[in-house]
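All remarks here apply to the structure that follows.
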Amino acid sequence: MSYLAPSEFVTKMVDAGESKIFMSTRDTVIRAYMAGAILALAAWFAVTINVNTGQPLVGALLFPVGFSMLYLLGFDLLTGVFVLAPLALIDKRPGVTLNGVLRNWGLVFVGNFAGAFTVAFMMAFVTTFGFTQAPDKVGTAIGVIGEGRTLGYAAHGAAGMATLFLRGMLCNWMVSTGVVGAMISTSVPGKVIAMWMPILVFFYMVFEHSVVNMFLFPSGLMLGGKFSILDYFIWNEIPTVLGNLVGGLAFTGMTLYATHILTLPKRQAGKAAPTRVAA
């Protein structure tokens, strides 16, 4: 059977969160690094399409190729572990603690940032021929994205900050639905289709994704964007991370868990704890 019932894939969500908490530091960072790098490549790819075609919908239609690749390869995004790891804590899985959840989030953040930053440097280098000339049209487009999505929010003060936070929430509502989509089907085509749909929505609507921004904003600074590192963190990355956390957990993780697991007439008992891997 290629489709799993909701109660089955929500149980898989909890199992996945549990396994990520007990994963070794080495594996967590490697998987997060690769996820950040692949998603950054996909963002570069999508911006290139937008610039060359003038059609943002085409870029949005093709951007999910990166998301699909990284999840099929078993890599981890911060937006995904924001949803999965807490479910293992809420489900009271043996050995799962709040410190374990926070450790997982911290390691994935570091790994995602390192991977995205690596591609940001490569992109800036390639589009300027090793910083020896002005960026090409793709580099120029990426260089100015950070200005509007930092200083643009700052110009509106508290209302801008609230807007940024809500766009972060809306983003991970869709992105975490894509994460769940990878668990809905047992076939590769089914997984890809289920992931593709919500990721298309998030990207075309220009919602704020903390990992995509780990690529766009550092690369923008390298390419001469007129905003500062402080602007990036205060007026984008930090509020976006918080919005991603709240949106994904509230609209995807907790809603699915509450209606498909807590309402089961009999909970599965005696589930064996996973093998711990030393950090």
Side-chain angles (χ1 to χ4, degrees), residues 28-52 56 59-60 62-71 73 75-80 106-153 164 167-168 171-172 175 199 202-203 206-241 243-244:
T28 302
V29 172
I30 289 174
R31 295 181 192 193
Y33 178 91
M34 292 306 302
I38 292 174
L39 199 69
L41 280 168
W44 181 5
F45 172 59
V47 173
T48 301
I49 293 170
N50 292 348
V51 169
N52 290 338
L62 296 177
F63 169 77
V65 67
F67 184 88
S68 298
M69 285 193 298
L70 73 91
Y71 268 102
L73 291 170
F75 300 145
D76 287 323
L77 292 173
L78 184 64
T79 43
L107 291 174
V108 172
F109 180 95
V110 170
N112 283 172
F113 193 94
F117 188 87
T118 299
V119 175
F121 174 79
M122 291 178 177
M123 186 281 302
F125 194 98
V126 167
T127 59
T128 61
F129 279 86
F131 302 102
T132 61
Q133 65 178 41
D136 63 19
K137 60 182 181 179
V138 174
T140 300
I142 292 175
V144 300
I145 288 173
E147 295 178 27
R149 289 166 63 177
T150 53
L151 303 181
Y153 288 119
L164 174 56
R167 289 175 78 171
C171 170
N172 208 26
V175 172
I199 304 306
F202 127 68
F203 198 82
V206 198
F207 294 149
E208 297 287 349
H209 190 286
S210 54
V211 182
V212 172
N213 292 351
M214 291 173 187
F215 161 73
L216 292 174
F217 292 78
S219 60
L221 289 168
M222 295 179 205
L223 294 168
K226 296 178 174 57
F227 62 101
S228 68
I229 295 175
L230 193 62
D231 290 330
Y232 159 51
F233 278 102
I234 294 179
W235 285 101
N236 194 284
E237 191 64 40
I238 294 173
T240 296
V241 166
N244 288 169

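Remember, it's a predicted structure, so these values are computed and weren't measured experimentally. The first residue in the sequence is number 1, and the count goes up from there.
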Straight-line distance of [X] [atom1] to [Y] [atom2], nearest 0.5 Å:
{"X": "T28", "Y": "L107", "atom1": "OG1", "atom2": "CG", "result": "5.5 Å"}
{"X": "F207", "Y": "F203", "atom1": "CZ", "atom2": "CZ", "result": "13.0 Å"}
{"X": "N236", "Y": "Y153", "atom1": "CG", "atom2": "OH", "result": "6.5 Å"}
{"X": "F215", "Y": "L41", "atom1": "CZ", "atom2": "CG", "result": "8.0 Å"}

Side chain to side chain contact (heavy atoms under 4.5 Å, CB included) partner of [X], the single match among [options]:
{"X": "H209", "options": "L78, V175, T240", "answer": "V175"}
{"X": "L39", "options": "T79, L70, N112", "answer": "L70"}
{"X": "R149", "options": "L216, D231, L164, V144", "answer": "L216"}

Indicate the atoms forming the closest heavy-atom contact of [X] with [Y], along with that distance.
{"X": "G66", "Y": "I38", "value": "O-CG2, 3.4 Å"}
{"X": "M123", "Y": "W44", "value": "CG-CE2, 3.3 Å"}
{"X": "K137", "Y": "N52", "value": "CE-OD1, 3.2 Å"}
{"X": "D76", "Y": "A35", "value": "O-CB, 3.1 Å"}
{"X": "P218", "Y": "F117", "value": "CB-CD1, 3.8 Å"}
{"X": "P135", "Y": "L223", "value": "CB-CD2, 3.9 Å"}

Within a strict 4.5 Å, meaning less than it, do heavy atoms of the [X] and [Y] side chains meet?
{"X": "L73", "Y": "R31", "answer": "no"}
{"X": "F109", "Y": "V241", "answer": "yes"}
{"X": "I49", "Y": "F63", "answer": "no"}

Handout entry: Neighbour count >12 (heavy atoms, 6.0 Å) for atom CE, M69
Key =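 Count over threshold, so yes.
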Exercise for the section: For F131, look at atom CZ and say whether over 12 heavy atoms of other residues, nucleotides or ligands are found less than 6.0 Å away. Expected result: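 More than 12 heavy atoms, drawn from other residues, nucleotides or ligands, come within 6.0 Å of this atom.
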Exercise for the section: Say whether, by atom type as modelled, one donor and one acceptor occur between the side chain of N244 and the main chain of G168 under 3.5 angstrom. Expected result: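 Checked: pair present.
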Practice task
Keeping the roles fixed (side chain from E237, backbone from Y232), state whether a donor-acceptor pair exists under 3.5 Å.
Solution key: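 Here the side-chain-to-backbone pair does not exist.
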On the 0 to 90° scale, with breaks at 30° and 60°, tag the [X]-[Y] ring pair as parallel, tilted or perpendicular.
{"X": "F233", "Y": "F113", "result": "parallel"}
{"X": "F67", "Y": "Y71", "result": "tilted"}
{"X": "F227", "Y": "F217", "result": "perpendicular"}

Exercise for the section: Decide side-chain contact (heavy atoms from CB on, under 4.5 Å) for V108 and L77; before the verdict, give the C-alpha distance in whole Å, the side-chain angles of both, and the deciding distance to 0.1 Å. Expected result: CA-CA 7 Å; V108 172; L77 292 173; 5.8 Å; no
